[in-house]
Amino acid sequence: MTTVANPEYAIDVRGLNKRFGEKHVVRDVSLRVRRGEIFGFLGPNGSGKTTTIRMVCGLLKPDAGSGTCLGHDIVREREAIKRKVGYMTQRFSFWEDLSIAENLDFVARMYEIPHRKEAVRHAIDTLGLASRARQLAGTLSGGWKQRMALAACMLHQPSLLLLDEPTAGVDPRARRDFWDELQSLAAQGISVLVSTHYMDEAVRCHKLAYIAYGKLLAQGSADEVIASQRLSTWAIHGERLSALQEELRSRPGVEQTVTFGDALHVSGTDAGLLEGTVRAAAGVDGRSCEPVETSLEDVFIYLMGKTPDNSGGTA
Amino acid sequence: MRRPHTGSKTGFSPMRWWSMVLKEFTQLKRDRLTFAMIVGIPIMQTALFGYAINTNPKHLDTAIISADSTDITRSFIAAMQNSSYFKMVGTLPNEAAGREALARGKVLFVVNIPAGFTRQLLRGERPALLIEADATDPTATGSALAAVSGIAQSVIDREIAGPLSNLHGSPAPFSVRVHQLYNPDNITQYFVVPGLTGMVLTLTMVLMTGLAITRERERGTMENLLAMPATPLEVMTGKLVPYIGIGLIQATIILLAARYVFRVPFFGNIGAVYLSALLFIAANLTVGITFSSLARNQLQAVQLGIFFFLPNIMLSGFMFPFKGMPGWAQALGNLLPLTYFLRLIRGILLKGNGWTDSWPNVWPMMVFTVVLMLVASITYRKTLD
Ligand SMILES: Nc1ncnc2c1ncn2[C@@H]1O[C@H](COP(=O)(O)OP(=O)(O)O)[C@@H](O)[C@H]1O
Ligand SMILES: [Mg+2]
């Protein structure tokens, strides 16, 4: 199979497969990430996100499938990919017994960055790390660690960032700052593939992919992903919603019930059947109901419910 | 309804204690290497101490320079052999060949029967036999040499009879002169302290490199390294260089102590000692790298290191005389680089061995290093697979 580099795509991989022993961890995953795009990668724990990202950047060899990353073949041109990609691992993987400045300096040398000292100082300043530059990385809090990791994988000015759950364990304020930073990078033409569990982050992505059990279940813009599942959703307000939720679960047409604050969202693929059920159930006890647009979160919960739980199982 | 908690909160709770015990057992059961150590170490130690180690070594390799072969000299050789301390492995043409065999450690003793020995004996001139011994390790040769006078007496009692009876009396009809080479005063430290270099280098090089690389994997920083453009060769050699320096510092400390505290004689070339140390460090680093790719975490790296270290002290001739061990133990010992390094450094320092005497101990270490380097580069994982 020939892999013709398409300059339009930062990542263009087809039919990726990976097995670990008996476990088929990634099944026929194809992804296309345009240049300058923030691409969100979602899915439950153990669904194969990290494994897919590792294959994209050449850290794992796919058992089957092919593709390019920044125009380079993901199997044959790993070394070229490594030079152009910034990869932030899921687990903090810098040296905890080195300071921020020492870590950055090491990375800068690894990439043979010209004007190294300046580049490191610049990275420290732009990410606001100056006050902690001499602190050992191991003693930093989650938010600072994540900022340092981002600084380190930006040092060599990559044109693609692969970020594996970069905001796990980071407080909301730092998360927002981090995403502001990502958006300004994307505006400069840098492509970003980011895996996340947070809905507020998913909605900030230009494109999304949802993976479960190693299989890609949906891909596209948020609207496309929502539309693809053909769900209708009703919101019910009123008293004793948790009792109602129990009751509705087994009713015809109801495929999913989720509580959002003071509203109960009820979704199903058969709009007519769902409407009848919801109206009949909600019309008592002074509860009100109305059709609402299916949200991304409804869809993701729906997708997650469609497949058995696969977090760390041996399936 | 939940049952209220019984038992005091601060006192000793058998229930809590038992759950701790159970948890520990469950974890132990899962840790196969620890399990292997629990069973393996006593078995290994029992086998080594029970069968391999012998502090009263027998059947020690002995060569003969015979310029006089008669019934009496043959009887003396036979008596030596029968004492079970000496094992005759061959004859040598002259004294130079004898010295060389001793220098290279091929034999521990050379029996030199001078020309005209029997004739002088018969004339009552009371001649002397010469036994030269490699006394670098006093423990190895001590008991054998102590047996020599008894052997001589038994030969005299048996052979000097009939018409020769008049030769009996004092002094004896012939004497045995023992010449202890290299460590004539039998100072154990001369033997032990240079060997310490090898023991310390084995321990630190194997453990430190084993840990250095598994640490990167255990902490997840290996993934980061692999994602950067560095090649495996750069990563490995870059990581190892500091340990070469550490090894040389350790060797220097021990050598300084040997020279100035224990007054060990330095007959050979100190440059040769350092070259040997470098080669030996290289051999141990390859062991460390191999262990680090086998071990899944730092604990396992340490356990593998201990597994390697134990036979090294026992079978290399560091603690117990190499020649005193049975053949299978010597064969195992011959697979360990420490065995060769000990012979090398003791040979250079105590015997003043030069290049040709040292070579037989140099090439095995080179082969060892190259083979393990191949193993290490095969087992080194370039990707995370
Ligand atoms: N090196 C490995 N060896 C064996 N199994 C692995 C390895 N890496 C990941 N897995 C398994 O593959 C599955 C997917 O893991 P991962 O890609 O990390 O998922 P995610 O990042 O979506 O949480 C999990 O079941 C995990 O246990
Ligand atoms: Mg992951």
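Since we're looking at a predicted model, the values are computed, not measured. So that the names make sense, note that chain A is the first sequence line, chain B the second, and so on, each numbered from 1.
- Nearest heavy atom pair, residue B/A230 against residue A/M110, reads CB-SD, 3.4 Å.
- Other residues, nucleotides and ligands contribute only 12 or fewer heavy atoms inside 6.0 Å of the NZ atom of A/K117.
- Heavy atoms of B/E234 lying under 4.5 Å from chain A are absent altogether.
- Residue A/Y111 comes nearest to B/A227 through the heavy atom pair OH-O, 3.8 Å, listed as atom of the first residue, atom of the second, then distance.
- Looking at heavy atoms from C-beta onward, A/R83 lies out of side-chain contact with B/M228 at the 4.5 angstrom threshold.
- Residues A/W95 and B/R219 fail the side-chain proximity criterion, which asks for heavy atoms closer than 4.5 Å.
- The environment of B/K239 atom NZ is dense: over 12 non-hydrogen atoms of other residues, nucleotides or ligands sit within 6.0 angstrom.
- At least one side-chain heavy atom of A/F94 sits less than 4.5 Å from a side-chain heavy atom of B/N224.
- Minimum interatomic distance between A/S93 and B/G220 (heavy atoms only, all atoms of both residues): CB-O, 3.2 Å.
- Judged purely by atom type and a 3.5 angstrom limit, A/K82 uses its side chain to pair as donor or acceptor with the backbone of B/L226.
- For the set A/E96, A/E112, A/R91, the entry with the most heavy-atom pairs within less than 4.5 Å of chain B is A/R91.
- By the neighbour-count criterion of 12 heavy atoms within 6.0 Å, atom OH of B/Y274 is densely surrounded, having more than that number from other residues, nucleotides or ligands.
- Contacts between A/F92 and chain B at a heavy-atom distance below 4.5 Å involve the backbone alone (N, CA, C, O).
- In the displayed structure, B/Q45 atom CD is contacted under 6.0 Å by more than 12 heavy atoms of other residues, nucleotides or ligands.
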